[in-house]
There are 2 protein chains.
Amino acid sequence: MGVIERKEREREEMRQRIMNAARHLFLEQGFEKTSIRGIAEAIEYSPATIYLYYKDKNELLFALHEEAFLKMMAELSKVAAVKDPFERLIEMGNQYIKYALENPELYDLMFIMTAPMETLACRDEIWEDGMKSFCLLQAVVGQCVEAGYFEHDLDIETASLTIWSYMHGLVTIYLKNRMNMFGDDKQVERMSASYTLFIEMIRKGLKE
Amino acid sequence: MGVIERKEREREEMRQRIMNAARHLFLEQGFEKTSIRGIAEAIEYSPATIYLYYKDKNELLFALHEEAFLKMMAELSKVAAVKDPFERLIEMGNQYIKYALENPELYDLMFIMTAPMETLACRDEIWEDGMKSFCLLQAVVGQCVEAGYFEHDLDIETASLTIWSYMHGLVTIYLKNRMNMFGDDKQVERMSASYTLFIEMIRKGLKE
DNA sequence: CAAATATACTGAACAGTGTTTAGTGAAAAC
DNA sequence: GTTTTCACTAAACACTGTTCAGTATATTTG
């Protein structure tokens, strides 16, 4: 009897329906204004039903957070097409900035909000999505070492953390409106100028 | 008749009483768990009273945000004692990291939360506190140029933004628990290692 | 096929949130 | 002494995440 298989399938469909509504509302009106009740209304079910499919709001956010990582990893992986390792690193940074600016809410979910991380904490699991994308960066940094762009005894993990820190800092300063202290509309230009300087800094600063 | 003077004084006292309670609860139990009702209870007044002294919660957060900047600026200004400009820059970074790790909630308020910034936006004012502390950094970077540590035609604003981005990125990755992806308890060591590398990067990467 | 069981779902409630408003009691002004 | 002003509050409004008893339907069992 395929009844339990069908039930399992129906369950997965419902989870998808909830996720679709959540993603939609989340991207449309931001996290702060998206409520369980709102999601419930969108799928025409009672708010309580959502709790039959997701433990709490954090788990729902965590699921969205995972989706967002798949999306970003897909974007970042495209840089494999760039032959030269250092050029590849530069392009990876560009893609990272592009993703952050085009998906500010998702970026928040992935790297700033603590709520989705609590789901991880209470299951005491490690943050695999973060680690996977960090490994993508580490790989390219490693290739830059191999190609002789960076000194051969460079600590790849430390260097990658340093590069990521810079990238993350730059985009969050912008996304969290801290760059409007300059009082003009040249914020994106400032980011570009900074990124260009940073590239020169690592080119000169990490070489043999 | 000194009655209006007394009233003004009493008003300021009340504002201080509210701020003290807000600061206390905020630092004790974090932003998320601090409510207007909680603050009201702490000062033994009705929640509605708070709205006679502060427009809304954002304005209260903004006032705390200003306090936090005064505190940080005091810490950062201490580096003036360091004679050598480049050593001064290094020490400024250390102080910045120290402040962030010792005051995570305040750091959030100052550089991550958008709520206090909305008070600025609806008054359409500029973010002066941010600009002032950025100028502190710019000054030291400028002194590094003068002392010959950095190339003479360096764009000081861009270089400062780049340095701040790195510092901000590093501490927020840590504060927002994204460094537990490494799955060990060497998070602070990793930060130190990264900061050391970054210093060498700017020493070599920005020099003449 | 009928009775018993399992399952999916919901209405209503709980305990909280920020904020507004009508109304009260005391102090200040006349 | 009367009127006005002003600080203050109780209560309500419109929300929030979450839980739980109860129901209606689908499935399994006798």
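Each chain gets a letter, A, B and so on, in the order the sequences are listed, and its residues count up from 1.
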Item to check | Close side-chain approach of A:Phe69 to A:Lys132, heavy-atom, < 4.5 Å | outcome: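 Not in contact.
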
Rounded distance (Å) that lies between atom [atom2] of [N] and atom [atom1] of [X]:
X       : N      : atom1 : atom2 : answer
A:Glu32 : C:dT17 : CD    : P     : 16 Å
B:Arg37 : D:dT9  : CZ    : C1'   : 13 Å
A:Ile50 : D:dC20 : CD1   : P     : 18 Å
B:Lys55 : C:dT19 : NZ    : P     : 8 Å
B:Arg11 : D:dA7  : CZ    : P     : 7 Å
A:Ile36 : D:dC15 : CD1   : P     : 17 Å
A:Lys33 : C:dT17 : NZ    : P     : 21 Å
B:Asn58 : C:dG18 : CG    : C1'   : 10 Å

Item to check | Chi angles and distances behind the side chain to side chain donor-acceptor pair (under 3.5 Å) call for B:Arg17, B:Asn20 | outcome: CA-CA 5 Å; B:Arg17 226 171 298 154; B:Asn20 290 343; over 6 Å; no

Item to check | Comparing B:Arg6 and B:Thr34 on DNA chain C - which has the more 5′ nearest nucleotide | outcome: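 Between the two, 5'-proximity favours B:Thr34.
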
Next on the checklist: Students often get this wrong, so: under 4.0 angstrom with heavy atoms, is B:Thr49 touching a base, only sugar-phosphate, or nothing?
Outcome noted: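 Counting heavy atoms under 4.0 Å across all strands, the contact made by B:Thr49 includes a base.
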
Item to check | Sugar-phosphate, base or nothing in reach of B:Tyr53, heavy atoms under 4.0 Å | outcome: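 Here B:Tyr53 touches the backbone only, sparing every base.
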
Counting side-chain heavy atoms from CB outward, which of [options] is closest to [X]?
X       : options               : answer
A:Lys57 : C:dC9, D:dT9, D:dG17  : D:dG17
B:Met14 : D:dT18, D:dC8, C:dT19 : D:dC8
A:Lys7  : C:dT7, D:dC8, C:dG18  : C:dT7

Next on the checklist: Quick check on DNA chain D: between A:Ala48 and A:Gly38, whose nearest nucleotide comes earlier from the 5' end?
Outcome noted: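 Looking at DNA chain D, the more 5' nearest nucleotide goes with A:Gly38.
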
Item to check | Centroid separation A:Trp127 to A:Phe134 less than 6.0 Å | outcome: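 No.
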
Item to check | B:Tyr166/A:Phe198 under ring pair (Phe, Tyr, Trp, His ring centres under 6.0 Å): CA gap, chis, key distance, verdict | outcome: CA-CA 10 Å; B:Tyr166 165 73; A:Phe198 184 73; 8.1 Å; no

Checklist entry - Can a side chain N or O of B:Tyr45 be found less than 4.0 Å away from OP1 or OP2 on D:dC8? => result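 For B:Tyr45, the contact criterion (side-chain N or O under 4.0 Å from OP1 or OP2 of D:dC8) is met.
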
Item to check | Approximate separation, where rounding is to 0.5 Å, of A:Thr196 OG1 and A:Met191 CE | outcome: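 Spacing of OG1 (A:Thr196) from CE (A:Met191) equals 11.5 Å.
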
